[in-house]
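Following: one structure in structure tokens, then a few remarks.
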Amino acid sequence: MWLGWNFVLLGALLLGLNWTLAWASNFQHHRYEELVRALFAIQSECPYITRIYSIGRSVEGRQLYVLEFSDNPGIHETMEPEFKYVGNMHGNEVLGRELLIQLSQFLCEEYRAGNQRITRLIHDTRIHILPSMNPDGYEVAASQGPEFNGYLVGRGNSREVDLNRNFPDLNTLKYYFEKTNGQNHHMPLPDNWEQQVEPETLAVIKWMQNYNFVLSANLHGGAVVANYPFDKSRDSRIRGKSTYAATPDDNIFKMLARTYSYAHSWMHKGWNCGDFFDEGITNGASWYSLSKGMQDFNYLYTNCFEITLELSCDKFPPASVLSREWLGNREALVSYLEQVHHGIKGMVYDNNNNPIGNAEISVAGINHDVTSGVGGDYFRLLLPGTYSVTASASGYLPSTRIVTVGPAEAIEVRMFVGVKMLRLMSSFKNLFLILSFEKLFLKIFLR
């Protein structure tokens, strides 16, 4: 394992070859108008690999802008995974917002400079960066400034709602289904859910519905640790006690969290902000139980695996430390993004080579399925090993393959589901009628 982390560190050195220290003087906090100008400046600098779009508006009407990186912006390319970073969900936790602005600038500059690692990443991945999910809360926090900002001032949106406690609670349904052998993925949303969430939350959920994201991270502050699902404890009766709440993909989530932690300059050391987290990672519920959080919602409602990155002891650090924080997180942000290319990926076809959307991809021994996208392509994050993988779709015969996953790029596995069962039954029925008619014919004329 340690050899792997050495390669990560080597990657960090290679990654920084084209980076200049002149950037350090440009580090500053960005108010909303400055954030918008920064994003459009990056888009203008790299117009052929970027696109800016809005997923909606905040309570006060501010646009929730996303900066997309791709060699074909605005287009989902078959077999190319979708990745997202979300920052500033809590308005007063601002480091993630600034890191994502710097990451965007970095991707643009390194692509233009011919950095092969970054070029390959942009050519093979569709990257979506939402620097601020809560621009209204940020403005409240920024008006206080780093020196006087309270622990909760600006945390929620302009209605003072905590957006990380505002997603529909799908954990309760999931935990019930675990006991009844029920559905293990894409939990149904409750009735009238759109009226129960804030505009910012609604915008992000609609975003998830429109893009088949594979991997994600949301950036927070107040601690230094990589936190992975589940956030909500399975046993709500135990109050004041932390209990580990593993997902069916617990091992892959721990690997994802370690990827960020060990690529980060100091997160993996464990002792940060007066707390100790072994290897710089923690299960969410083991730390403290949280209901209606975004990372659990990603896993239970979509195909996306998301972790929460707590990146700074100080929620609103002074501008003077932003350069150091960027250097500490730069390699980790890129290394984590690269994890979207592990496991298996492929297409699901019928017997006529037509792509099948919304087919279920199940892995024996892991009680969590993913589904293929509209165009029939699917992505399933897995650790190295040998797996029995089954594709199934309504009206089709399932197909199973044995697949060996290595430590490098995702293995391409094409799945072919059988002819439609109804069509097959219809064919048998027609054959039966033909045979019956033939038998009747022979009986009549051969008397």
Side-chain angles (χ1 to χ4, degrees), residues 55-59 64 82 84 86 89-90 130 133-134 136-137 155-218 220 227-239 243 245-249 253 283-285 288-308 357-362 367-374 394:
I55 61 172
R57 290 180 180 270
S58 67
V59 172
L64 304 179
E82 309 261 356
K84 63 180 165 70
V86 178
M89 184 181 197
H90 290 144
L130 173 62
M133 180 180 167
N134 186 4
D136 296 352
R155 177 183 175 89
N157 67 356
S158 68
R159 295 173 179 162
E160 299 186 358
V161 174
D162 186 333
L163 299 180
N164 205 31
R165 311 290 192 281
N166 190 235
F167 285 79
D169 178 13
L170 301 182
N171 293 74
T172 300
L173 185 60
K174 162 65 176 172
Y175 298 160
Y176 171 76
F177 282 158
E178 287 178 343
K179 298 175 182 177
T180 59
N181 198 30
Q183 188 172 335
N184 70 13
H185 67 102
H186 291 79
M187 301 292 132
L189 295 176
D191 294 337
N192 301 317
W193 69 271
E194 293 188 24
Q195 284 72 50
Q196 300 171 25
V197 300
E198 293 298 297
E200 297 89 348
T201 309
L202 177 62
V204 168
I205 293 176
K206 294 289 188 182
W207 188 33
M208 294 178 191
Q209 292 173 336
N210 290 329
Y211 294 85
N212 187 19
F213 292 115
V214 178
L215 183 62
S216 173
N218 71 87
H220 288 247
N227 171 25
Y228 57 91
F230 285 125
D231 268 334
K232 183 175 180 177
S233 171
R234 282 182 170 82
D235 195 342
S236 58
R237 295 171 298 176
I238 305 176
R239 295 186 178 181
T243 55
T247 69
D249 286 285
F253 272 117
N283 172 258
Y288 60 89
S289 184
L290 181 162
S291 184
K292 300 184 179 181
M294 184 164 71
Q295 72 175 7
D296 286 6
F297 182 85
N298 268 269
Y299 184 69
L300 295 175
Y301 182 63
T302 76
N303 290 322
C304 189
F305 288 37
E306 179 173 281
I307 68 172
T308 300
N358 203 37
E360 294 182 358
I361 308 298
S362 59
N367 190 31
H368 181 81
D369 302 342
V370 298
T371 57
S372 60
V374 175
S394 178

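Nothing here was measured: the structure is a model prediction, and the numbers come from that model.
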Does the side chain of Pro188 reach to within under 4.5 Å of the side chain of Gln183, using non-hydrogen atoms?
yes
Looking at side-chain heavy atoms only, is the closest gap between Thr172 and Ser291 below 4.5 Å?
no
Value for NE2 (His220) from OG1 (Thr308), rounded to nearest 0.5 Å, stands at 5.0 Å
Closer than 3.5 angstrom, by distance alone: can the side chain of Ser233 be matched with the main-chain N or O of Thr243 as a donor-acceptor pair?
no
Kindly compute the distance separating CD (Glu82) from CG (Leu215), expressed to the nearest 0.5 Å.
12.5 Å
What pairs of donor and acceptor atoms, side-chain ones from residues 199-213 against any protein atom, are under 3.5 angstrom apart with sequence neighbours left out?
from   : atom 1 : to     : atom 2 : distance (Å)
Glu200 : OE1    : Asn157 : ND2    : 3.2
Glu200 : OE2    : Val59  : N      : 3.2
Thr201 : OG1    : Asn166 : OD1    : 2.6
Lys206 : NZ     : Glu194 : OE2    : 3.1
Trp207 : NE1    : Tyr53  : OH     : 2.9
Gln209 : NE2    : Tyr301 : OH     : 2.8
Asn210 : ND2    : Lys206 : O      : 3.1
Tyr211 : OH     : Arg51  : NH2    : 3.2
Asn212 : OD1    : Asn303 : ND2    : 2.8

With a 3.5 Å distance limit and no angle check, can you tell me whether Thr302 reaches the backbone of Asn298 through a side-chain donor-acceptor pair?
yes
Report the residues that fulfil side-chain hydrogen bond (donor to acceptor under 3.5 Å, both in side chains) with Tyr175, sequence neighbours left out, ordered by chain and then residue number.
Asn171
Please identify each residue that fulfils salt bridge (charged side-chain N to carboxylate O under 4.0 Å, His left out) with Lys174, with sequence neighbours left out.
Glu178
For Phe297, is there any backbone N or O sitting under 3.5 Å from a side-chain donor or acceptor partner on Glu306?
no
With the side chain counted from C-beta on, respond yes when Asn134 and Met89 share a heavy-atom pair under 4.5 Å apart, and no when they do not.
no
Check salt bridge (charged side-chain N to carboxylate O under 4.0 Å, His left out) between Glu198 and all other residues, then give those that pass, not counting sequence neighbours.
Arg159
Taking the side chain as C-beta and beyond, is there a heavy-atom pair between Phe167 and Asp296 under 4.5 Å?
no
Please round to the nearest 0.5 Å and tell me the distance separating atom CG of Asn218 and atom CG of Leu163.
11.0 Å
Between CG on residue Asn164 and CG on residue Leu290, distance to nearest 0.5 Å:
5.5 Å
With sequence neighbours left out, what residues match Asn358 under side-chain hydrogen bond (donor to acceptor under 3.5 Å, both in side chains)?
none
Between His185 and Val370, is any pair of side-chain heavy atoms under 4.5 Å apart?
no
Roughly how far, to the nearest 0.5 Å, is the CD atom of Gln295 from the CZ atom of Phe230?
9.5 Å
For the residue pair Asp369 and Asn184, establish whether any side-chain heavy-atom pair is separated by less than 4.5 Å.
yes
His90 versus Asp162: any side-chain heavy-atom pair under 4.5 Å?
yes
May I ask you to decide if the ring planes of Phe253 and Phe305 are parallel, tilted or perpendicular, using 30° and 60° as cut-offs?
parallel
Hey, are the side chains of His368 and Thr247 touching, using non-hydrogen atoms and a 4.5 Å cut-off?
no
Rounded to the nearest 0.5 Å, the OG atom of Ser289 sits from the CZ atom of Arg234 at a distance of 11.0 Å
According to side-chain hydrogen bond (donor to acceptor under 3.5 Å, both in side chains), who are the partners of Glu160, at least two apart in sequence or on a separate chain?
none
